Peer 1: 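One structure, pasted below without further comment.
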Amino acid sequence: MSIHTPRKKARIRLDDDVSSVKTRPANTLQKQREQLPIARGREALIREIQENDTTILLGETGSGKTTQVPQYILESGIAGKGMIAVTQPRRVAATSLAARVAEEKNVSVGGLVGYSVRFDEASSSDTRIKYVSDGMLVRELLSDQLLSKYSVIVVDEAHERTLRTDFLIANLKTIQAARNSAGDVSRKGKGPASALNPLKLIIMSATLDAEKFSKFYNNARILYVKGRQHPVQIFHTSVSQTDYVDAALRTFFQIHTDRPPGDVLIFLPGQEDIESLDKSIKMYARRLPEERMTVLTCPMYAALPPAQQARIFSSAPTNVRKCILATNIAETSITIPGIKYVIDTGKCKEKRYLSKDTGGGFDTLLTRDITKSSAMQRAGRAGREGPGFCFRLYTEDAFNSMALSAEPEIRRCSLTQSVLQLKCLGQDFEAVDFMDPPEIGSVISALKTLWLLGALDNSKTLTTLGRQMASFPVEPYFARIILASKTHGCTSEVIDIVSLLSSSSALFLDISDQRDTISEVRVKFRHASGDHMTMLNALRSYQEVAASDSKGARKEWCRQHFVNERTFVEATKIRDQLRQTCQRVGIDWHASTADNEEPVLRCFVTGLVQQSAFLQPDGTYKQTMGHSVIKIHPGSTLCDKKVPAIIYDELVYTSQIYARGVSSVPKSFFSNVTPVAREA
DNA sequence: GAGCACTGC
């Protein structure tokens, strides 16, 4: 069985079968461009885009759609004098695509071809093609409601259905209607209607769900372009497996003993399974006969320190078979070269907000079955460089009963920030025409949070505070904490902590077999009040080292203290951004209360008023707003401590409901925060 | 007694 693609849904095919494309060593970039599957459909594609406002383009991996379509649009003059934006869900994709296309055009990045992502931008007045992260385009939308400098917007990877992509897809439909009907109706308050330039949209997606995008955009045309992918032979198990880690172990050694050389990629749901399988493989590999190929295992997940992540890219010596144990990170975010065999457990972890009316009020992070599109994507990872094999640890029936694709984020994430952003655009979330509407309970809970934070008044109208909150590139509750620091005179400390908390990776590394050493060395940062001030202490120590020592010494200090330097680096960039935003909204970010934690914690209570719990007589903690009994996460400095009241950064249900990022605060801090908090 | 993956002027 080979990977199948739902070809029948496509109305127009843009190329011939990939097998007729000869792969020969290309001596120029132009040759390579011409050999891409999409190149054969260039003229048809240009014609379709010219004739239609919106085009849906289905392109498989390797079709070249993301690099070529923007160039075709530019070369054919479709964009007129305007710019072409291409959105990406990931920052690295945006920057590396811009580099690739600039190279093809023989220009330097930031000229004709540029990019714009958070912390990093390369564009100029010459820029015509701009690769942007989807979050960045959402930010641009907040300051230019018609996105008028773009005449073509390409939404790439639309099938991933990130919250920001869905947000854009909904808004772009309205923007397009407004701009493209400009000749007929004059729009109030926006100047002469004829001044609006029309907007063309291209929605690009992998091969599933195209019909849905088409329906949303008034039955827009669907074009299809085949990918360039080597065949992957897929095997299913004959019976379902109860222990997928054990099944993966046995499958790996079957491959290792029976099949020719080639690296193996195993998809597992999380760090815990990866560590356990890593141990087992190493143990059994030692028992192999001497003359066999040896095994090199490489764990791969986002929380792994960068140095260990880098190991997956170095090629193994001959007679060594590399085995990569990865989470979903290897499904979309990184491409690992040299993979010939994929073992797919069929499992992943998914974060999902469990609303109050279903007994929740917190996030869950649980292992679940993957979707069909995920399974196909995983299998495809074996066919990047040559024919490959995919061993699915589930039956064909199980595959057939999988959901087609993941539920969009809008249906399972907190909507607080998006609701606030839409309020800033003068729109109500419940009134927006989304491709998949959110659950009403989720919208109500976001509105309630915004009201508690003071961003909305009793009539759900945006307040001045709310508008200020939206200007900070952090979660609304963090923004509220920063704004509270103006009153308490500790903006400097608060911004430092919030920067660390909003970094993408955790500051304190957790290496399970070194936990004793780690807690010993970490004692020196420990602050009695809990995790927030402890992080600040660690930051202060790092800053001392960074100020006086070399880069090497800094790295060594981080290694010795088991802290993630990448987090400090990212936090510093976020801090600078937050300082700039403070300046704009009239807050002096220099304000400091030195070592006094009381004002700092008061600010945190203001923003984390919903994220608090009181100690019960039986020694457990119970939410102040909500009815769940929660536990302090074992990684917290306050674990096993009994204090009257705590605030926490997040609540996640895994094996239990754990509060992470916890500080102890006096109960008295909760009075005067909000009317609701007083009741609690 | 222990965290899937992303993003933000």
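Letters go in sequence order (proteins before strands), and every chain restarts at 1. Fair warning: this is a prediction, and the values are worked out from it, not measured in the lab. Heavy atoms only: backbone and side chains are in, while hydrogens, waters and symmetry mates are out.
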Peer 1: On the nucleotide B:dG8, are OP1 or OP2 found under 4.0 Å from the side-chain N or O atoms that A:S133 carries?
Peer 2: yes

Peer 1: Which residues, if any, of residues 566-583 of chain A bring a heavy atom under 4.0 Å of DNA chain B?
Peer 2: A:Q577

Peer 1: NA contact type, A:Y658, heavy-atom cut-off 4.0 Å: base, sugar-phosphate, or nothing?
Peer 2: sugar-phosphate

Peer 1: Considering only side-chain heavy atoms of A:I329, which listed nucleotide, B:dA5, B:dG8, B:dT7, is closest?
Peer 2: B:dA5

Peer 1: Between A:T327 (side chain) and A:I329 (backbone), is there a donor-acceptor pair under 3.5 Å?
Peer 2: yes

Peer 1: In whole angstroms, how far is the P atom of B:dA5 from the CZ atom of A:R378?
Peer 2: 12 Å

Peer 1: Tell me whether A:E650 is salt-bridged to A:K351, with the criterion being a basic N under 4.0 Å from an acidic carboxylate O.
Peer 2: yes

Peer 1: Would one find a side-chain N or O of A:T332 under 4.0 angstrom from OP1 or OP2 of B:dA5?
Peer 2: no

Peer 1: Select from A:K351 and A:S504 the residue whose nearest nucleotide in DNA chain B is closer to the 5' end of that strand.
Peer 2: A:K351

Peer 1: As a quick check of understanding, evaluate side-chain hydrogen bond (donor to acceptor under 3.5 Å, both in side chains) for A:T416 and A:E475, giving each step before the final call.
Peer 2: CA-CA 8 Å; A:T416 314; A:E475 292 297 324; over 6 Å; no

Peer 1: What integer distance in Å separates A:R161:CZ from B:dC6:P?
Peer 2: 20 Å

Peer 1: Please tell me whether A:F525 and A:H561 form a close aromatic pair, meaning their ring centres lie under 6.0 Å apart.
Peer 2: yes

Peer 1: Regarding A:E475, tell me which of base, sugar-phosphate or nothing describes its non-hydrogen contacts under 4.0 Å with the strands shown.
Peer 2: base

Peer 1: Whole angstrom is fine here: how far is it from CZ in A:R412 over to P in B:dC6?
Peer 2: 14 Å

Peer 1: Please confirm whether any donor atom in the side chain of A:Q656 sits under 3.5 Å from an acceptor in the base of B:dG1, or the reverse.
Peer 2: no

Peer 1: Base, sugar-phosphate or nothing for A:R90? Non-hydrogen atoms, less than 4.0 Å.
Peer 2: sugar-phosphate

Peer 1: A:F568: which residues meet the ring pair (Phe, Tyr, Trp, His ring centres under 6.0 Å) condition with it, sequence neighbours left out?
Peer 2: A:Y542

Peer 1: Please classify the nucleic acid contact of A:E650 as base, sugar-phosphate, or nothing, using heavy-atom distances under 4.0 Å.
Peer 2: base

Peer 1: State which of B:dA2, B:dG8, B:dC4 makes the closest approach to the side chain of A:M136.
Peer 2: B:dG8

Peer 1: Taking for each residue the nucleotide of DNA chain B with the nearest heavy atom, is it A:Q417 or A:N328 whose nucleotide lies nearer the 5' end?
Peer 2: A:N328

Peer 1: Please name all residues satisfying side chain to side chain donor-acceptor pair (under 3.5 Å) with A:T165, sequence neighbours left out, ordered by chain then number.
Peer 2: A:D134, A:T162

Peer 1: May I ask you to verify if any side-chain N or O of A:T327 is less than 4.0 angstrom from the OP1 or OP2 atom of B:dA5?
Peer 2: yes

Peer 1: Look at A:S502 and B:dG8 and indicate whether a side-chain polar atom (N or O) is within less than 4.0 Å of OP1 or OP2.
Peer 2: no

Peer 1: Of the nucleotides B:dG8, B:dT7, B:dA2, which has the atom closest to the A:P473 side chain?
Peer 2: B:dG8

Peer 1: Please state how far atom CG in A:D156 lies from atom C1' in B:dT7, giving the value in whole angstrom units.
Peer 2: 16 Å

Peer 1: Applying a 4.0 Å non-hydrogen cut-off, can you work out what A:S655 is touching in the nucleic acid: base, sugar-phosphate, or nothing?
Peer 2: sugar-phosphate

Peer 1: Heavy atoms under 4.0 Å, any strand shown: does A:G635 hit a base, just sugar-phosphate, or nothing?
Peer 2: base

Peer 1: Check this one for me: any side-chain N or O of A:R91 less than 4.0 Å away from OP1 or OP2 of B:dG8?
Peer 2: yes

Peer 1: The side chain of A:S333 is closest to which nucleotide in this list: B:dG8, B:dA5, B:dA2?
Peer 2: B:dA5

Peer 1: Salt bridge (Lys or Arg N to Asp or Glu O under 4.0 Å), that's the test. Do A:E407 and A:R412 meet it? Break it down for me.
Peer 2: CA-CA 8 Å; A:E407 199 170 6; A:R412 55 187 173 91; 5.8 Å; no

Peer 1: Are A:F429 and A:F434 close enough, and set up right, to give a ring pair (Phe, Tyr, Trp, His ring centres under 6.0 Å), and what steps lead you there?
Peer 2: CA-CA 9 Å; A:F429 206 95; A:F434 284 107; 4.8 Å; yes

Peer 1: Taking the side chain of A:A302 as heavy atoms from C-beta outward, which of B:dT7, B:dC4, B:dA5 is closest to it?
Peer 2: B:dA5

Peer 1: NA contact type, A:E409, heavy-atom cut-off 4.0 Å: base, sugar-phosphate, or nothing?
Peer 2: base

Peer 1: Ignoring the backbone of A:Q271, work out which of B:dT7, B:dC6, B:dC4 is nearest its side chain.
Peer 2: B:dC4

Peer 1: Please classify the nucleic acid contact of A:F119 as base, sugar-phosphate, or nothing, using heavy-atom distances under 4.0 Å.
Peer 2: nothing

Peer 1: Once you apply a heavy-atom cut-off of 4.0 Å, does A:V117 come out as touching a base, just sugar-phosphate, or nothing?
Peer 2: sugar-phosphate

Peer 1: Indicate, with yes or no, if the rings of A:Y353 and A:F362 have centres closer together than 6.0 Å.
Peer 2: no

